[in-house]
Protein chains: 2
Amino acid sequence: MTIKDIAKMAGVSVAAVSRYFNGGSLSDEKREIIQKIVEENNYVPNAMAQTMRTGKSGNIGVIVPRLDSESFAQIMAGIADEVEKINYTVILGVTDNKKEKEIYYIEQMEKSKMDGIILMGTYMTPHLKTTLEKCSIPIVVTGQHFKGVPSVFYDDKSAMYDITKLMLKSRKHIAFIGAPSIDRAAGKMRKEGVEKALEEAGIDKKSLIAYESDFTIDGGYETMKKILKSHKKVDGVICATDRMAHGAMLAIREAGKNIPDDISITGVGDSWGDKISSPQLTTVQLYYKKCGQTAVNLLWGLMKGESDSHLISKVMLGYSIIERGSV
Amino acid sequence: MTIKDIAKMAGVSVAAVSRYFNGGSLSDEKREIIQKIVEENNYVPNAMAQTMRTGKSGNIGVIVPRLDSESFAQIMAGIADEVEKINYTVILGVTDNKKEKEIYYIEQMEKSKMDGIILMGTYMTPHLKTTLEKCSIPIVVTGQHFKGVPSVFYDDKSAMYDITKLMLKSRKHIAFIGAPSIDRAAGKMRKEGVEKALEEAGIDKKSLIAYESDFTIDGGYETMKKILKSHKKVDGVICATDRMAHGAMLAIREAGKNIPDDISITGVGDSWGDKISSPQLTTVQLYYKKCGQTAVNLLWGLMKGESDSHLISKVMLGYSIIERGSV
DNA sequence: AACTAAAGTGTAATCGTTTTCAATTTAAAT
DNA sequence: ATTTAAATTGAAAACGATTACACTTTAGTT
């Protein structure tokens with residue numbers, strides 16, 4: 001069933017049928033007859049042919065490191081939501097945290113005529129930078145704040161600043177379990193937030209007991225064991241992610257200490273696990289879903305060519321501190 | 001940069017260049033010159049034009065109810081893995097648990113020339129049945145076992161049978177928090193597994209205290225409160241999913257009872273939360289990732305037309321019982 | 001009534017490939 | 001040296017839409 005068949009059945013030209021779908025001057029008389037035939041035959045124009053002719057695919061490429069992470073999955077959910085509203089389709093690329101794959105997907109997606117790309121959870125490298133610069137279709141980055149690239153990101157620093165201040169109300173000897181510092185947002189900025197709060201409280205940031213771990217429960221667990229062994233005085237642990245926090249809680253409990261009586265602890269993310277641990281975890285809620293939705297909206301603007309090309313858009317998302325029992 | 005340009009530069013016909021990419025008789029001489037030109041210009045054939053001409057898109061459609069669920073995300077991860085290996089691309093459709101959207105996506109994907117479809121986590125309805133029958137491209141269903149539809153599913157019944165037997169070693173008065181029975185796999189089959197173990201132990205299945213809940217932590221929590229109120233003797237709770245189990249644990253703890261001394265509890269899924277609750281949750285591990293991978297492989301066979309059309313393929317996945325502290 | 005602008009219409013070119021078909025070249029067999 | 005079969009080749013016709021262009025009709029002015 002092609003546009004030709006419909007045209008023939010309706011007794012009009014293919015141009016008329018095309019105009020029926022895409023707008024263009026068309027008499028009511030023809031509009032009606034075409035509508036009738038189209039509905040009777042349940043005809044839908046062939047998407048591939050349209051893409052081929054127009055150069056627009058109706059597809060938005062989404063590049064994500066992993067799907068089995070609560071935060072990415074939530075952002076994806078937000079993206080899917082919003083993409084559907086503008087009647088586009090999501091094309092997925094999973095990089096498995098491999099930098100080459102990220103670049104491969106960007107190039108691939110450009111070639112297969114995606115109308116836009118959303119790039120999630122990555123860090124900048126020279127190669128990525130040139131790829132981004134070369135890329136001819138709009139790209140939005142989430143979770144990070146890259147110079148010159150439209151992005152939607154969290155206020156990591158302020159969030160950590162706030163939660164650290166909360167911790168400092170009752171605690172003095174703080175340890176920090178951070179994310180890899182190559183990750184500007186989750187690594188560097190979160191640590192800076194902690195340090196800022198510390199300094200403001202008159203504590204030299206040099207004295208902060210800071211470790212870097214790897215986002216996992218096990219990583220948090222092992223790191224906490226180290227801390228417990230060599231820093232007996234620690235009475236508050238700030239973690240850059242919930243999972244690491246939960247790993248740390250395991251280690252603390254294993255050491256026979258009570259949370260929060262002996263040691264307080266905080267995370268970031270507001271995962272569902274936070275509600276089922278005992279005590280429940282005090283954490284900062286980041287608006288993941290909103291992040292995905294916003295990314296699509298931003299991209300949509302770019303795709304429509306709305307935004308002034310000089311005005312690179314950035315959106316910084318808010319956050320909430322969720323106080324539970326762990327502090 | 002089109003095939004025409006390449007042909008001109010190489011001094012051959014477009015047919016030759018096409019043969020270079022797709023196989024077809026071609027002299028070594030031409031093959032070399034074409035290769036040279038292609039590499040120099042970094043030329044890649046336009047995917048849309050290929051689809052248009054061949055009717056094959058290189059795309060596999062994946063329809064999923066939600067992304068922000070650990071199990072679906074894991075299956076997706078497995079799918080993405082495997083799809084990449086066969087050099088296909090994933091097109092995503094999120095139904096938000098809406099039946100109409102499911103059908104909409106199936107039809108849409110058929111029209112936009114997906115080469116295959118994977119349909120996740122759904123239940124059968126008459127409308128879905130006819131849609132499936134009408135659909136001209138291969139479809140694989142995961143997590144459910146539908147008659148006449150190729151599917152990859154878990155051995156839900158045996159899994160529940162096993163974990164119930166484990167529970168029965170030390171407990172007598174069992175309650176069951178189930179999933180909606182409209183869901184054949186997670187609802188009906190899991191309950192049947194529990195019942196089978198009960199009967200085998202000489203307990204009338206009619207006496208099973210069985211409730212239906214909704215997959216959520218809150219659902220588990222509320223249901224458990226009801227049980228605690230009206231069935232004081234219950235000393236073992238079997239839950240159809242981890243999240244409901246965690247909700248139930250909250251309610252049990254809140255009632256001042258100890259797990260597992262007063263009440264034992266089990267879940268299904270082996271979520272990461274199971275390791276951080278106290279006690280850790282005894283559960284059955286389903287191989288989600290493997291499920292996704294298998295679904296792609298099965299689909300791939302179907303797509304290649306390998307499988308005899310009379311021989312509808314089914315794959316039943318194994319499971320493991322993970323014993324932790326909650327029993 | 002005559003003229004003009006606007007709206008409605010169809011033909012045919014086009015997008016970038018693959019593939020059929022017939023023509024040509026090469027190699028093998030007599 | 002012929003004949004026959006096999007391998008190479010390119011021209012041109014698809015695939016299914018959109019759209020520029022030119023033509024016809026309609027409506028609006030004077």
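Predicted model only: the values in this text are computed from it and were never measured. Proteins get letters first, then strands, A, B, ... in listed order; numbering begins at 1 in each.
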Task: Heavy-atom donor-acceptor pair, B/Asp115 side chain to B/Gly58 backbone, under 3.5 Å - done: yes
Task: Check: A/Val94 main-chain N/O paired with A/Arg66 side-chain donor or acceptor under 3.5 Å - done: no
TODO: Give a yes or no on whether A/Lys290 atom NZ has more than 12 heavy-atom contacts from other residues, nucleotides or ligands under 6.0 Å away.
DONE: no
Find every protein N or O atom lying less than 3.5 Å from an N or O atom of nucleotides 14-20 of chain D, and list the pairs.
| unit_1 | atom_1 | unit_2 | atom_2 | d |
| --- | --- | --- | --- | --- |
| D/dA14 | N3 | B/Arg53 | NH1 | 2.6 |
| D/dA17 | OP1 | A/Tyr43 | OH | 2.8 |
| D/dA17 | OP1 | A/Asn46 | N | 2.5 |
| D/dA17 | OP2 | A/Ile3 | N | 2.4 |
| D/dA17 | OP2 | A/Tyr43 | OH | 3.3 |
| D/dA17 | O5' | A/Tyr43 | OH | 3.4 |
| D/dT18 | OP1 | A/Asn22 | OD1 | 3.3 |
| D/dT18 | OP1 | A/Asn22 | ND2 | 2.8 |
| D/dT18 | OP1 | A/Gln50 | OE1 | 3.0 |
| D/dT18 | OP2 | A/Ser18 | OG | 2.7 |
| D/dT18 | OP2 | A/Asn22 | ND2 | 3.3 |
| D/dT18 | O2 | A/Arg53 | NH1 | 2.3 |

Open item on the list: Ring centroids only, cut at 6.0 angstrom: are B/Phe146 and B/Phe153 within range, meaning strictly under it?
Closed with: no
- [ ] Return the angle between end axes of the helix from C/dA1-D/dT30 to C/dT30-D/dA1, with five pairs used per end and rounding to 10°.
- [x] 40°
- [ ] Give a yes or no answer on whether the side chain of B/Ser57 reaches the backbone of B/Lys113 with a donor-acceptor pair at less than 3.5 Å.
- [x] yes
Task: Positions of residues 25-33 of chain B (non-hydrogen atom under 4.0 Å from DNA chain D), listed by number - done: B/Ser25, B/Leu26, B/Ser27, B/Lys30
Task: Short side-chain to backbone donor-acceptor contact, A/Glu82 and A/Asn297, under 3.5 Å - done: no
- [ ] Could you tell me whether a side-chain N or O of A/Asn41 sits under 3.5 Å from a main-chain N or O of A/Tyr43, the two making a donor and an acceptor?
- [x] no
TODO: Give a yes or no on whether A/Lys8 atom NZ has more than 12 heavy-atom contacts from other residues, nucleotides or ligands under 6.0 Å away.
DONE: no
Open item on the list: Quick one about A/Glu110 and A/Ser136 (side-chain donor to acceptor, distance below 3.5 Å, no hydrogens or angles considered), yes or no?
Closed with: yes
Task: For atom CD1 of B/Ile34 and atom C1' of D/dT9, their distance in whole Å - done: 11 Å
Open item on the list: I'd like to know if the side chain of B/Gln144 reaches the main chain of B/Tyr123, judged simply by a donor and an acceptor atom lying under 3.5 Å from each other, with no hydrogens or angles considered.
Closed with: no
